[in-house]
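Single-structure report; data block below.
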Amino acid sequence: MPIASVNPATGETVQTFEPLDAAGIERRLARAEAAFHSYRGTPFAARAELMRRAADLLDRELEAVARTMTEEMGKPLAASRAEVAKCSKAMRWYADHAEELLADEHPAPADVADSGASRAYVRYRPLGPVLAVMPWNFPLWQVLRFAAPALMAGNVGLLKHASNVPRTALAIEELFQRAGFPEGCFQTLLIGSGAVEGVIRDRRVVAVTLTGSEPAGRAVAATAADEVKKAVLELGGSDPFVVLPSADLDAAVRTAVRARVQNNGQSCIAAKRFIVHTDVYDRFTAAFTAAMGALKVGDPMDESTDVGPLASRQGRDDLEELVEDARVHGARVECGGGRPEGWDTGWFYEPTVLTGITPAMRIHLEETFGPVATVYRVADLDEAVAVANDTPFGLSANVWTTDEAERERFVRDIQAGGVFFNGMTASHPALPFGGVKRSGFGRELSGHGIREFCNITTVWIG
């Protein structure tokens with residue numbers, strides 16, 4: 001079956017591609033293996049120069065790349081531009097810092113003297129070809145936050161991108177080629193999900209990283225475990241956004257709207273469950289509902305659009321089912337709750353606020369991947385922590401408070417890979433990113449991310 005690039009704002013098929021056959025996959029795997037044997041020995045300075053060239057190309061072609069992303073997955077054009085700029089920044093960050101992040105580590109001689117060593121140290125060495133199974137929601141950022149550290153560490157990359165963003169996937173491969181990376185250092189595999197297992201099992205692929213759904217993560221992790229290969233997973237999230245009485249409510253409301261509808265609400269780290277102390281619940285909910293209801297839904301190429309379409313018809317259908325289930329079980333729809341008028345084509349959904357959520361509703365535990373917010377009233381700090389942790393996911397959390405004791409309580413007790421106070425969750429190249437529970441394992445970005453795909457080698461000298 002062809003791999004299609006479909007405009008989610010119109011439903012129009014823009015371009016189709018034939019997936020790779022077995023021979024095509026074999027050629028790319030052989031190329032990756034050959035590339036690793038030569039590329040692994042390149043000095044950090046040479047890798048950094050190539051990475052900076054790729055970043056320069058991305059900056060020069062920002063508008064074209066941004067438009068391709070918007071045409072393929074529907075995010076507002078301004079958000080696509082910001083994503084491109086974020087990627088080039090991260091590429092330069094790793095070009096600047098990879099060598100120090102992977103520098104040899106030398107314990108004090110006295111600490112290893114009883115081992116019989118005159119000297120001992122730790123060296124980080126590249127592993128080999130790494131398969132990246134990536135999602136459509138941040139089609140450039142998700143890939144480059146893997147590719148930049150992996151390539152700077154001396155690994156080579158194989159990309160199995162989401163099937164609805166093939167044009168972006170091919171553009172990334174071409175970016176590295178045009179920057180001068182040796183042939184085979186980074187290749188896109190246009191394959192369906194059914195071909196992923198075979199690639200993971202191939203002896204030449206040494207590790208796999210996946211960002212995506214929990215079912216996809218289970219399948220990839222099971223295959224990697226069966227082959228005894230390293231895996232890093234970044235899966236779903238149902239991030240809490242906790243508002244306590246000391247919060248700056250105006251700032252909290254403004255940030256809550258951005259945190260919920262970023263990327264048309266299709267982000268693992270988007271705030272999804274708004275947990276509000278009873279003392280400020282009425283004021284926050286009224287202001288939040290008004291702001292969500294005032295957002296402009298429309299053509300993502302229109303500079304004035306706040307929320308574009310969902311990336312697929314299935315995604316919209318899934319969101320509608322979650323909202324309808326909540327409504328049937330007693331949730332109140334404060335705003336939105338359906339398809340916007342005037343958009344008969346494309347996969348649009350209104351920004352929606354639901355209150356009166358109970359554990360009987362699917363939406364209480366399932367991730368909402370679209371512009372739908374659930375709001376909870378809590379009586380005190382203990383209940384806020386309990387509700388925040390009452391989810392199978394643990395990616396990140398947002399907490400609004402100026403009280404130091406409350407901050408420490410959340411740092412101690414929140415079940416998440418990150419906690420952001422008085423701001424919204426965001427990924428940054430200098431900070432580790434990842435989750436706990438069913439949000440996955442391992443870390444991306446920072447020194448932790450670049451070391452995930454390294455052979456941490458002990459060197460002992462007698």
Heavy-atom closest contact (Pro166 atom, Ser163 atom, distance): CD-O, 3.4 Å
Thr368 versus Arg260, side-chain donor and acceptor atoms under 3.5 Å: yes
Sidechain-backbone polar pair: Thr352 side chain, Glu350 backbone, donor-acceptor under 3.5 Å: yes
Interatomic spacing from CG in Asp250 to OG1 in Thr255 - rounded to 0.5 Å: 10.5 Å
Flag, side chain of Ser88 to backbone of Ala55, donor-acceptor distance under 3.5 Å: no
Over 12 non-hydrogen atoms of neighbours within 6.0 angstrom of CZ in Arg313: no
Main-chain N/O of Arg443 paired with Glu452 side-chain donor or acceptor, under 3.5 Å: yes
Identified side-chain hydrogen bond (donor to acceptor under 3.5 Å, both in side chains) counterpart of Ser5 within the set Glu12, Glu72, Glu71: Glu72
Lys/Arg-Asp/Glu bridge criterion (N-O < 4.0 Å) met for Glu173, Arg28: no
CA sep, side-chain torsions, deciding dist, call: Leu249, Val243, side chain to side chain contact (heavy atoms under 4.5 Å, CB included): CA-CA 8 Å; Leu249 281 189; Val243 183; 3.7 Å; yes
Over all atoms of both residues, closest heavy-atom pair of Glu63 and Arg81: OE1-NE, 2.9 Å
Distance, nearest 0.5 Å, that separates CD1 of Ile269 from CE of Met424: 7.0 Å
OH-CE distance between Tyr94 and Met152, expressed to the nearest 0.5 angstrom: 10.5 Å
Side chain to side chain contact (heavy atoms under 4.5 Å, CB included) between Arg53 and Leu57, intermediate numbers included: CA-CA 6 Å; Arg53 284 186 206 163; Leu57 282 171; 5.7 Å; no
Neighbour count above 12 (heavy atom, 6.0 Å) for His97 NE2: yes
Polar side chain donor-acceptor pair, Ser427 to Trp141, under 3.5 angstrom: yes
Value rounded to 0.5 Å, distance of CG in Asp318 from CD in Glu321: 5.5 Å
Thr401 and Ser246: side chain donor to acceptor below 3.5 Å: yes
Non-hydrogen atoms of Pro19 and Pro2 that approach each other most closely: CD-CA, 4.1 Å
Donor-acceptor contact present, side-chain Asn155 to main-chain Leu127, <3.5 Å: yes
Lys/Arg N to Asp/Glu carboxylate O, Glu320 vs Arg339, below 4.0 Å: yes
Criterion side-chain hydrogen bond (donor to acceptor under 3.5 Å, both in side chains) against Tyr376, the qualifying member of Glu383, His364, Arg273: His364
Note, Val411 side chain near Phe421 side chain (heavy atom, < 4.5 Å): yes
Minimum side-chain heavy-atom gap Leu151-Cys185 below 4.5 Å: yes
Whether Phe186 and Phe146 hold their rings parallel, tilted or perpendicular, with breakpoints at 30° and 60°: tilted
More than 12 heavy atoms from other groups under 6.0 Å of CD on Glu341: no
Intermediate values then yes/no, side chain to side chain contact (heavy atoms under 4.5 Å, CB included), Tyr281 and Val375: CA-CA 9 Å; Tyr281 176 89; Val375 185; 3.6 Å; yes
Note, Val323 side chain near Arg327 side chain (heavy atom, < 4.5 Å): yes
Gln266 side chain vs Ala311 backbone, donor-acceptor pair below 3.5 Å: yes
Whether His161 side chain and Thr188 backbone form a donor-acceptor pair below 3.5 Å: no
Any Asn389 side-chain heavy atom under 4.5 Å of Ile414 side chain: yes
Polar side chain donor-acceptor pair, Asp302 to Ser304, under 3.5 angstrom: yes
Validation row: Trp400, Val253 side chains within 4.5 angstrom (heavy atoms): no
Separation of Leu244 CG from Phe284 CZ (nearest 0.5 Å): 11.5 Å
Residue among Val84, Leu77, Val165 satisfying side-chain contact (heavy atoms from CB on, under 4.5 Å) with Met69: Val84
Near-ring test Phe288/Phe274, centroid separation under 6.0 angstrom: yes
Carboxylate-amine/guanidinium proximity below 4.0 Å for Arg409 and Glu406: no
Phe410 to Val242 - nearest heavy-atom pair and separation: CZ-CG1, 3.9 Å
Check ion pair Lys86-Glu83 (N to O, under 4.0 angstrom): no
Note: Glu367-Arg438 ion pair, threshold 4.0 Å (strictly below): no
Check: Lys229 and Val208 side chains under 4.5 Å, non-hydrogen atoms: no
Nearest heavy-atom neighbours spanning Leu431 and Ser446: C-CB, 3.6 Å
Any donor-acceptor N/O pair, Thr289 side chain to Ala286 backbone, under 3.5 Å: no
Minimal non-hydrogen separation, Pro309 against Gly298, with atom names: CD-O, 4.3 Å
Heavy-atom side-chain contact between Asn264 and Pro76 under 4.5 Å: yes
Check: Leu58 and Leu140 side chains under 4.5 Å, non-hydrogen atoms: yes
Heavy-atom donor-acceptor pair, His277 side chain to Ala379 backbone, under 3.5 Å: yes
Whether Asn263 side chain and Lys75 backbone form a donor-acceptor pair below 3.5 Å: no
Side-chain donor or acceptor of Thr305 paired with backbone N/O of Met301 under 3.5 Å: no
Phe441 side, atom CZ; Leu233 side, atom CG - distance, nearest 0.5 Å: 4.0 Å
Asp56/Met91 under side chain to side chain contact (heavy atoms under 4.5 Å, CB included): CA gap, chis, key distance, verdict: CA-CA 10 Å; Asp56 290 344; Met91 293 161 77; over 6 Å; no
Between Thr355 and Glu334, a side-chain donor and acceptor under 3.5 Å: yes
